[in-house]
Amino acid sequence: MREGCSGGEAEVVARVTAWFADAARTLPWRSSGVTPWGVLVSEVMLQQTPTARVVPVWEAWMVRWPTPSALAAASPDEVLRAWGRLGYPRRALRLRAAAEAVEERHGGELPETESDLLALPGVGSYTAAAVLAFAYRRRSLVLDVNVRRVLARVDQGVEHPARSETAGERERGWRFVPDDDEQASLWAAASMELGATVCTARSPKCDPCPVAAHCSWRARGYPAWDGPPRVAQSWEGTDRQCRGWIMAALRGSPSPVPLGDLAWPDDVQLARCADSLVADGLAVRHGPRLSLPGFEPVPADSDDEPAVA
DNA sequence: AAAGCGTGGTT
DNA sequence: TAACCAAGCTT
């Protein structure tokens with residue numbers, strides 16, 4: 001008997017992985033021939049961004065910058081424009097920084113250990129584990145929002161996982177991870193897929209669920225969530241919205257944009273957000289104008305600002 | 001360690 | 001229609 005399998009973990013793993021054999025979506029980063037770097041690119045793009053929106057961007061991106069060295073050589077403004085509307089554009093900068101780090105520290109090859117992966121910019125606990133599982137077919141604990149929700153329901157009998165990951169959650173998560181590398185990486189992909197397509201946050205489809213009969217939440221009659229209320233992130237009028245507005249303008253302009261051209265109702269907020277974008281390396285000042293970083297003004301003789309005598 | 005960080009589709 | 005939600009990371 002495998003260690004830690006006192007409950008029905010092995011049965012759940014077997015059923016979910018069998019279901020996955022048929023139900024797996026065909027996603028471009030799952031194709032054979034995709035490099036570990038390609039897997040990492042997909043994982044970073046998928047952080048907080050729906051799969052459907054990532055697909056076309058990933059495909060174009062990998063054609064343009066197939067390797068870490070190619071991306072490291074790209075200029076930030078190109079990278080930010082190619083990132084398009086995926087959101088959280090600092091991920092694009094961090095991905096480029098990760099490419100540079102792979103070049104400098106690992107000779108251009110994505111490292112294969114969890115600690116080396118975690119040391120890359122933009123790579124956290126989830127992404128490192130996902131690369132181990134999906135790129136290297138290695139045993140790891142892949143706990144994303146989908147897997148956490150599946151385990152919350154099947155294992156804990158509650159509708160939602162805790163707001164932030166707990167030690168107990170990781171401990172329980174490991175109980176489901178098969179000893180075998182190949183089976184473990186299959187479980188990682190399959191459990192994520194189940195959460196993404198069947199055991200969804202809003203309206204779970206228990207009918208086609210391969211583990212409905214093993215689900216504690218179902219057995220308990222789907223009790224409503226009685227944990228802490230889940231925070232609703234506001235949007236209207238936030239700095240986030242303002243920053244997004246500025247970034248969209250910068251992406252859409254071939255030349256630096258005067259802040260005054262950005263029709264934003266609050267001048268103070270606009271200035272503050274411009275400052276924060278510059279501080280984050282997402283924008284650069286050219287006198288009173290703003291551009292994406294890496295933008296090269298035509299090297300005329302310093303006509304960016306009116307000459308001061 | 002809680003809060004900040006984009007964007008747009010779904011319910 | 002207004003919330004809710006999405007393959008998280010960083011500070």
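Order of the sequence lines sets the chain letters (A, B, ...), proteins ahead of strands, with each chain counted from 1. Worth knowing before you read on, the calculation uses all heavy atoms, side chains too, and leaves out hydrogens, waters and symmetry mates. Quick caveat, the model's predicted, so the values are computed rather than measured.
Using modelled atom types and a 3.5 Å distance limit, the side chains of A:Arg138 and A:Ser185 yield no donor-acceptor pair. In this structure, a donor-acceptor pair under 3.5 Å is absent between the side chains of A:Arg91 and A:Gln48. In this model, a donor atom of one side chain and an acceptor atom of the other lie less than 3.5 Å apart for A:Trp264 and A:Gln269.
Taking the P atom of each, C:dA7 and B:dT11 are spaced 13 Å apart, rounded to whole Å. Annotation: B:dG8 and C:dT1 have their C1' atoms spaced 15 Å apart (nearest Å). For C:dC5 and B:dG6, the C1' atoms lie 13 Å apart once the distance is rounded to whole Å.
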Could I get a table of every N or O pair under 3.5 Å where one atom is in the protein and the other is in nucleotides 2-4 of chain B?
none

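Whole-Å rounding puts the A:Gln48 CD to C:dA6 P distance at 8 Å. Rounded to whole Å, the distance from CD on A:Glu43 to P on C:dA6 is 16 Å. In this structure, OH of A:Tyr126 is placed 12 Å from C1' of C:dA6, rounded to the nearest angstrom. With rounding to whole Å, A:Gln233 atom CD is found 17 Å from C:dA2 atom P. What separates CD of A:Gln47 from C1' of B:dG6 is a distance of 13 Å, to the nearest Å. The distance between atom CG of A:Leu93 and atom P of C:dT10, rounded to the nearest whole Å, is 13 Å. Atom pair A:Met192:CE and C:dG8:P shows a separation of 7 Å (rounding to whole Å applied). In this structure, CH2 of A:Trp235 is placed 18 Å from P of C:dC5, rounded to the nearest angstrom.
Of the candidates A:Val79, A:Val284, A:Leu277, A:Val278, A:Val284 is the only one forming a side-chain contact (heavy atoms from CB on, under 4.5 Å) with A:Pro293.
A heavy-atom distance below 4.0 Å to DNA chain C is reached by none of the residues of residues 260-276 of chain A. Within residues 15-31 of chain A, the residues that place at least one heavy atom under 4.0 Å from DNA chain C are, in residue-number order, A:Arg25, A:Leu27, A:Trp29, A:Arg30. Residues of residues 200-212 of chain A having a heavy atom closer than 4.0 Å to DNA chain C, listed by number: A:Ala201, A:Arg202.
Classification of A:Asp179 and A:Arg139 as a salt-bridged pair holds, one side-chain N sitting under 4.0 Å from a carboxylate O. Between A:Asp280 and A:Arg243, at least one side-chain N (NZ, or NE/NH1/NH2) sits under 4.0 Å from a carboxylate O, which counts as a salt bridge.
Remark: A:Asp261 CG is packed, more than 12 non-hydrogen atoms of other residues, nucleotides or ligands lying under 6.0 Å away.
A close approach under 4.0 Å does not occur between any side-chain nitrogen or oxygen of A:Arg53 and OP1 or OP2 of B:dG9. Taking only side-chain nitrogens and oxygens, A:Arg91 never comes nearer than 4.0 Å to OP1 or OP2 of C:dC9. Taking 4.0 angstrom as the limit, A:Arg251 places none of its side-chain polar atoms (N or O) nearer than this to OP1 or OP2 of B:dG6.
For the pair A:Ala232 and A:Gly124, both in contact range of DNA chain C, the more 5′-proximal nearest nucleotide belongs to A:Ala232.
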Practice prompt. Could you walk me through whether A:Trp29 and A:Thr51 pass side-chain contact (heavy atoms from CB on, under 4.5 Å), step by step?
Written response: CA-CA 11 Å; A:Trp29 44 88; A:Thr51 301; 3.8 Å; yes
Discussion item. Apply side-chain contact (heavy atoms from CB on, under 4.5 Å) to residues A:Leu290 and A:Arg285 and explain how you reach the verdict.
Written reply: CA-CA 5 Å; A:Leu290 215 56; A:Arg285 287 189 185 288; 3.9 Å; yes
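For the ring pair (Phe, Tyr, Trp, His ring centres under 6.0 Å) condition, no pair includes a residue of residues 96-148 of chain A, sequence neighbours left out.
Residue contacts for A:Val145: at a heavy-atom cut-off of 4.0 Å it reaches the sugar-phosphate backbone alone, with no base atom in range. Among the heavy atoms of the strands, none lies under 4.0 Å from A:Val142.
Side-chain N/O atoms of A:Ser125 and base N/O atoms of C:dG8 include no donor-acceptor pair closer than 3.5 Å.
Clustering ILVMFWY residues whenever any of their side-chain heavy atoms sit less than 4.5 angstrom apart, transitively, puts A:Leu110 in the very cluster that holds A:Val41. By the rule that hydrophobic residues join a cluster once side-chain heavy atoms approach within less than 4.5 Å of another member, A:Val158 and A:Phe176 end up as members of separate clusters.
Proximity of a side-chain donor or acceptor of A:Gln241 to a complementary backbone N or O of A:Gly237 within less than 3.5 Å is detected.
When distances run from any side-chain atom of A:Thr127 to the nucleotides C:dA6, C:dC9, B:dG6, the shortest one goes to C:dC9. The A:Pro50 side chain lies nearest to C:dA6 when the options are C:dA6, C:dA7, B:dG6.
Under the 4.5 Å side-chain criterion, counting only non-hydrogen atoms from C-beta, A:Arg153 is in contact with A:Cys199.
Residues passing the ring pair (Phe, Tyr, Trp, His ring centres under 6.0 Å) test with A:His214, sequence neighbours excluded: none.
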